[in-house]
Amino acid sequence: MFLKLTKFFLYLAPLSVAIVVTKSFFPFIGGKYYFFRFVIELALALLLLWWAFEAPPGELGKRLKEMFGQPLFIAVSFFVLVFLLATAFAYYPQGAFWSNFERGEGGFQMIHYYLFFLLLAVVFRKEEEWTRLLKISLVAAALMIL
């Protein structure tokens, strides 16, 4: 059950681009980031609950080991590491990490993008799950355009 809920929230994440919060100062930006972060954190919590209560012994470790040797995983991990190092050594590290309400693209958001990447790689095992994610992303893009 926890794994299905994790997948549900991962499918929900691309829909964040269609969110507009009209009562905020930046209606086309802030709501998207808050929704995306919330959904990713919820998906992570549910995956940890799956691992703790429902997963067969060693299943999560097996999935992580499969992922660690992949060139894409290594490249994305290196990029995120360099991004976070740049954040740490920025002129104003606190501002670089948390960013601001207008942009929302600091180190904190990068960590959420990386978690999204990791969760997708760990949870989605079948081609049909990736196809469904692509279809949902296309629907989200169409909603954003409209």
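- Partners of Ala18 by side-chain contact (heavy atoms from CB on, under 4.5 Å), not counting sequence neighbours, listed by chain and number: Leu143.
- Judged as a ring-ring contact (aromatic ring centres under 6.0 Å, His included), the pairs with a partner in residues 37-72 (not counting sequence neighbours) are, in order, Phe68-Phe73.
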Which donor-acceptor pairs under 3.5 Å do side chains of residues 78-85 form with protein atoms, sequence neighbours excluded?
none

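- Contacts of Leu146 classified as side-chain contact (heavy atoms from CB on, under 4.5 Å), with partners at least two apart in sequence or in another chain: none.
- Linking ILVMFWY side-chain heavy atoms closer than 4.5 Å, directly or via other members, places Ile19 and Phe28 in two distinct hydrophobic clusters.
- Linking ILVMFWY residues whenever their side-chain heavy atoms come closer than 4.5 Å, directly or via other members, leaves Val20 and Leu15 in distinct clusters.
- Checked against salt bridge (Lys or Arg N to Asp or Glu O under 4.0 Å), Lys32 has no partners two or more places apart in sequence or in another chain.
- Here CD1 of Ile111 is found 13.5 Å from CD1 of Ile40. Values are rounded to the nearest 0.5 Å.
- Residues passing the salt bridge (Lys or Arg N to Asp or Glu O under 4.0 Å) test with Lys135, sequence neighbours excluded: none.
- By the rule that hydrophobic residues join a cluster once side-chain heavy atoms approach within less than 4.5 Å of another member, Met1 and Phe9 end up as members of one cluster.
- The salt bridge (Lys or Arg N to Asp or Glu O under 4.0 Å) test applied to Arg63 returns Glu59, not counting sequence neighbours.
- Atom CD of Glu129 and atom CG of Leu133 lie 10.0 Å apart (nearest 0.5 Å).
- In this view, Ala121 and Met67 satisfy the side-chain contact (heavy atoms from CB on, under 4.5 Å) rule, not counting sequence neighbours.
- The salt bridge (Lys or Arg N to Asp or Glu O under 4.0 Å) search around Glu54 returns none, not counting sequence neighbours.
- For the atom pair Met144 CE and Ser16 OG, the distance stands at 10.0 Å (nearest 0.5 Å).
- Taking CG of Leu118 as the start and CG of Leu64 as the end, the distance is 8.0 Å to the nearest 0.5 Å.
- Between the side chains of Ser77 and Tyr114, at least one donor N or O lies within less than 3.5 Å of an accepting N or O.
- Pairs of residues two or more places apart, or lying in two chains, that qualify as ring-ring contact (aromatic ring centres under 6.0 Å, His included) and include a residue from residues 122-141 are Tyr11-Phe124, Phe124-Trp130.
- The side-chain heavy atoms of Glu127 and Thr131, taken from C-beta on, include a pair separated by under 4.5 Å.
- A heavy-atom distance below 4.5 Å is found between the side chains of Phe108 and His112.
- A distance of 9.5 Å separates CG of Leu46 from CG of Leu10, quoted to the nearest 0.5 Å.
- Residue pairs meeting the side-chain hydrogen bond (donor to acceptor under 3.5 Å, both in side chains) criterion with at least one partner in residues 116-126, sequence neighbours excluded, are Glu66-Arg125.
- Under the 4.5 Å side-chain heavy-atom criterion for ILVMFWY residues, no single connected hydrophobic cluster contains both Val17 and Tyr34.
- Every ring-ring contact (aromatic ring centres under 6.0 Å, His included) that Phe36 has, sequence neighbours left out, goes to Tyr113, Phe116.
- Hydrophobic clustering of Ile, Leu, Val, Met, Phe, Trp and Tyr side chains at less than 4.5 Å, counting indirect connections, unites Leu72 with Met110.
- For Ser99 against Gly106, the heavy-atom pair with the smallest separation is CB-N, 3.3 Å.
- Interatomic distance, Leu119 CG to Leu115 CG, rounded to the nearest 0.5 Å: 6.0 Å.
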